2 protein chains.
Amino acid sequence: MTTLSPRQQQILDFLRAFIEEHDYPPSIRDIQEGCGISSTSVVDYNLRKLEEKGFIRRDREISRGIELLGARGRRTRIVEVPLLGTIAAGQPIPVPSSDRWAADAEDYVPVTEEMVRGRTNVFALKVRGKSMIEDLIDDGDIVFLEPVRHADDGDRVAVWLKDRGEVTLKRIYRENGRIRLQPANSAMEPIYTTPDNVEIQGRFISSIRPSE
Amino acid sequence: MTTLSPRQQQILDFLRAFIEEHDYPPSIRDIQEGCGISSTSVVDYNLRKLEEKGFIRRDREISRGIELLGARGRRTRIVEVPLLGTIAAGQPIPVPSSDRWAADAEDYVPVTEEMVRGRTNVFALKVRGKSMIEDLIDDGDIVFLEPVRHADDGDRVAVWLKDRGEVTLKRIYRENGRIRLQPANSAMEPIYTTPDNVEIQGRFISSIRPSE
DNA sequence: GCGCCGTCCGAACGGATGTTCGCGGGAACG
DNA sequence: CGTTCCCGCGAACATCCGTTCGGACGGCGC
């Protein structure tokens, strides 16, 4: 049963508008006035209904203790992912470590938490170039990586090539003693190197494309 | 003068943490306890300082009337975009209209507002098939569309083909009296049809790829 | 009619909460 | 030393605000 009475719908709309405007929830009497209701108990009554139906969560006895929930009664949190730099030739990126993680981020990318799937210390990099275009990662995309040191074959990883002093995003394969870094672009050749020349910076989690 | 005393920094941090957890601001006495302060007047004093320095905005005489301001206090809002269905052969999707918008959504996709760039009534569809793979839209992706009836040449639009009774996502081109619906997949042929056979449902805004 | 239920009304109670005021300690300065 | 300013302390006050209670109105089924 998720049908709302007109009054409840009205209150819900007012809640959203009020929070949008003030950044804090209304008091019961704010709702009363805003919806033209003659008694606070009516507001209380309908707020209980809204809570039963999963649209809000209330902290009783606490003024303005109303929390708006999203669809299905869940709450979507936002994670601010530090944008540490660009993956581009000749420019090594700083290695995030847990102690001084994100200390020198240029910027932060706010994303819903499902983009990082509960992983911690995720960081972001802006992609330059089309070497991963067939993996649907375009120039200008922002990729999210988790800081790991090891990866499985076929993983998309950001690796630091020591001899070149640069970082690239490639798929990694171990082949009898050497490393193959495979771009997802049939026009480009794989890079072959040795294990001691590569340092894995992070494993690809997901990507977004900034809207044009 | 934007230097903060330790106490003020502490209160600011507490404010952020409290709002993150509860979705509504703390009362003065919440701050008092949370920061180990012995008097509410100290909290009031420092809140005034924080307001002078531009970190918060207060609505006087109103409980929990504290609003975080500033670059680091900015609030990234979440938009719940209704997922109206799947773009797949043989399955027409409901046409969203402003009056009964999203009334029958299967689900809602929470995204940061930058994904819809301030547009209203945006809806989402799950993509089936790889017909737009060269536009970096994969099978399983979720695309966001704004409900428009008209589009420019080259726009990626969801169109309803009346004779087939199905909806697809294609690039649209008008060519001397007829319509060309161009997939972004070189292995697939364009669809040619007439203007009275197509009904534009929405224009592509952005897409996300649910994390694996 | 009668009872039940969802909804609304008005008033009152008591706790929660923002505000104010007097006081004091400590640092900086003349 | 005296003054001023920043900051903290404790208590009291007035209001804000969630809660509760008795009552009422209308629709519905029996």
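A quick note: this is a predicted structure, and the numbers were derived from the prediction, not measured. Each chain gets a letter, A, B and so on, in the order the sequences are listed, and its residues count up from 1.
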Inset, instruction - Step through the shown structure and confirm whether more than 12 heavy atoms of other residues, nucleotides or ligands are within 6.0 Å of CD on B:Q9. - result: yes
Inset, instruction - Apply side-chain hydrogen bond (donor to acceptor under 3.5 Å, both in side chains) to B:T193 and list each qualifying residue two or more places apart in sequence or on a separate chain. - result: B:N197
Inset, instruction - Using the test side-chain hydrogen bond (donor to acceptor under 3.5 Å, both in side chains), find all partners of B:K49 that sit at least two apart in sequence or belong to another chain. - result: none
Legend entry - Identified side chain to side chain contact (heavy atoms under 4.5 Å, CB included) counterpart of A:T76 within the set B:V79, B:I78, B:V111, B:T112: B:I78
Inset, instruction - Can you sort out the partners of A:D139 under salt bridge (Lys or Arg N to Asp or Glu O under 4.0 Å), two or more places apart, ordered by chain and number? - result: none
Inset, instruction - List for me each residue that meets salt bridge (Lys or Arg N to Asp or Glu O under 4.0 Å) alongside B:D152, sequence neighbours excluded, and say none if there are none. - result: none
Inset, instruction - Report the distance from atom CG of A:D59 to atom P of D:dC17, rounded to the nearest whole Å. - result: 16 Å
Legend entry - Segment of DNA chain C, first to last nucleotide, that comes within the 4.0 Å heavy-atom reach of chain A: C:dG6 to C:dT17
Legend entry - Side-chain H-bond candidate by donor/acceptor type, A:R64 with B:S63, under 3.5 Å: yes
Inset, instruction - For nucleotides 3-16 of chain D, just jot down a letter per nucleotide in 5' to 3' order: B, S or -, based on protein non-hydrogen atoms under 4.0 Å. - result: ---SBSBBB----S
Inset, instruction - Step by step, work out the salt bridge (charged side-chain N to carboxylate O under 4.0 Å, His left out) result for A:D44 and A:R60. - result: CA-CA 11 Å; A:D44 182 66; A:R60 297 308 172 84; 5.8 Å; no
